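See structure below.
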Amino acid sequence: MASLQSTPTSLGSKLHLSSHATTQRTLPLTVRFPRRRNGGGGVKMSSPVSEIYATALADVAKANNTLEPTCSDLEKLEKTFSDPKVLELFVNPTVELRKKREVIDLISESLSLLQHTSNFLNVLIDSNRIDLVKEIAKEFEAVYNKMTKTELVVVKSVVKLDSQHLAQVAKHVQRLTGARNVRIRTVIDESLIAGFTIRYGGSGSKLIDMSVKKRLEDITTQVQIEG
């Protein structure tokens, strides 16, 4: 039986996420994964449940010293499952479980996922929670950032910024926050006209707006006040 983590074996008593080689999944002893009952529309999973799954996976990744590549895996999965057709296949009750697991294998191979990430997807299928993989990915990022004392920065710009500019942004945010590490996520936003914005802090609560759009809005506001 393959477990979520290959090493160390001492974690086996804490969290076992077996591969689909067996029909019986071994659930964690310290973290009980909530299962969704079949049938009925059901209520969309609340974020606390996503956090349970994300934290369990993060604990295993940390123990195996694979936090960074596991975080990368979850980012890939978030993009993959953003395709409605992919998600539709997994939530379709008429698709056989065997077929879903075969698709998981294909996805794992094409994305070069770590073994414990692939096994984790199979656990989500067994628990009827595969439709929440994108929400779990977001929760995992939050857990990862907390574990590694990392500040997530979202930089929006009209065109792709070069690595030198992004490095300057990272250093600036690091000075402002005192964070040990800074991760930058770039987003193209043509509505800014020119320049860029930097959003950081808890839930992106802080914003540095250096866009032409903001300058034009400020000018418009000033003209209205003076008028």
Side-chain angles (χ1 to χ4, degrees), residues 1-20 25-36 44-82 87 90 104-105 107-109 111-154 170 173-174 177-185 200-205:
M1 180 185 296
S3 60
L4 175 63
Q5 75 284 354
S6 55
T7 57
T9 55
S10 60
L11 266 191
S13 61
K14 177 181 179 184
L15 178 59
H16 282 288
L17 298 177
S18 60
S19 70
H20 56 261
R25 306 280 166 166
T26 307
L27 297 181
L29 299 181
T30 57
V31 181
R32 183 64 61 183
F33 287 156
R35 297 175 62 89
R36 176 179 291 146
K44 182 174 175 59
M45 200 275 309
S46 61
S47 58
V49 180
S50 287
E51 186 176 357
I52 291 174
Y53 282 94
T55 301
L57 181 58
D59 285 343
V60 172
K62 182 179 181 180
N64 286 331
N65 197 29
T66 56
L67 266 176
E68 185 67 33
T70 302
C71 189
S72 177
D73 279 358
L74 270 292
E75 289 176 352
K76 296 175 187 176
L77 288 174
E78 185 176 3
K79 292 179 181 178
T80 299
F81 279 83
S82 292
L87 189 58
F90 286 105
I104 287 296
D105 287 342
I107 291 175
S108 298
E109 183 177 357
L111 298 181
S112 300
L113 300 181
L114 296 170
Q115 185 60 55
H116 62 248
T117 307
S118 179
N119 291 346
F120 185 73
L121 290 176
N122 279 292
V123 168
L124 292 181
I125 290 177
D126 285 352
S127 302
N128 248 351
R129 297 289 187 178
I130 192 66
D131 59 315
L132 302 170
V133 65
K134 291 195 296 180
E135 186 172 346
I136 292 171
K138 288 183 173 63
E139 289 290 346
F140 183 91
E141 182 176 58
V143 174
Y144 168 88
N145 291 341
K146 184 176 181 180
M147 282 183 169
T148 59
K149 299 187 186 310
T150 297
E151 185 74 33
L152 175 64
V153 181
V154 178
V173 173
Q174 194 169 35
T177 63
R180 179 187 301 172
N181 307 295
V182 174
R183 295 179 69 235
I184 292 183
R185 177 181 296 167
Y200 64 100
S203 301
S205 58

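Index from 1, following the sequence. Keep in mind it's a predicted model, so treat the numbers as computed, not measured. As a basis for the values below, the full set of heavy atoms in this structure was taken, side chains included, without hydrogen atoms, waters or symmetry mates.
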Is the closest side-chain heavy-atom distance between [X] and [Y] below 4.5 Å?
X	Y	value
T70	F140	yes
S118	I104	yes
L57	L74	yes
F90	I125	yes

Rounded distance [0.5 Å steps], [atom1] in [X] versus [atom2] in [Y]:
X	Y	atom1	atom2	value
E139	T55	CD	OG1	7.5 Å
E141	T150	CD	OG1	10.0 Å
Q115	T66	CD	OG1	12.0 Å
T148	N181	OG1	CG	5.5 Å
L77	I136	CG	CD1	10.5 Å
S50	E135	OG	CD	3.5 Å

Can you check whether [Y]'s main-chain N or O pairs, donor with acceptor, with [X]'s side chain at less than 3.5 Å?
X	Y	answer
K149	R180	no
S127	R129	no
E151	R183	no
E78	K134	no
N145	L152	no

Check your understanding: Within a reach of under 6.0 Å around NZ of K62, are more than 12 heavy atoms found that belong to other residues, nucleotides or ligands?
Key ->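 Counting neighbours around NZ of K62, 12 or fewer heavy atoms of other residues, nucleotides or ligands fall under 6.0 Å, so no.
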
Check your understanding: Who pairs with E68 by salt bridge (charged side-chain N to carboxylate O under 4.0 Å, His left out), at least two apart in sequence or on another chain?
Key -> none

Practice item. Kindly give the heavy-atom pair with the smallest separation between V143 and A58, and that separation in Å. Key: CG1-CB, 3.6 Å

Check your understanding: Which pair of non-hydrogen atoms, one from S112 and one from D73, has the smallest distance, and what is that distance?
Key ->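 Smallest heavy-atom distance, with atoms named: O-OD1, 4.2 Å.
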
Check your understanding: Parallel under 30°, tilted from 30 to 60°, perpendicular over 60°: which one fits the rings of F120 and Y53?
Key ->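 F120 and Y53: perpendicular rings.
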
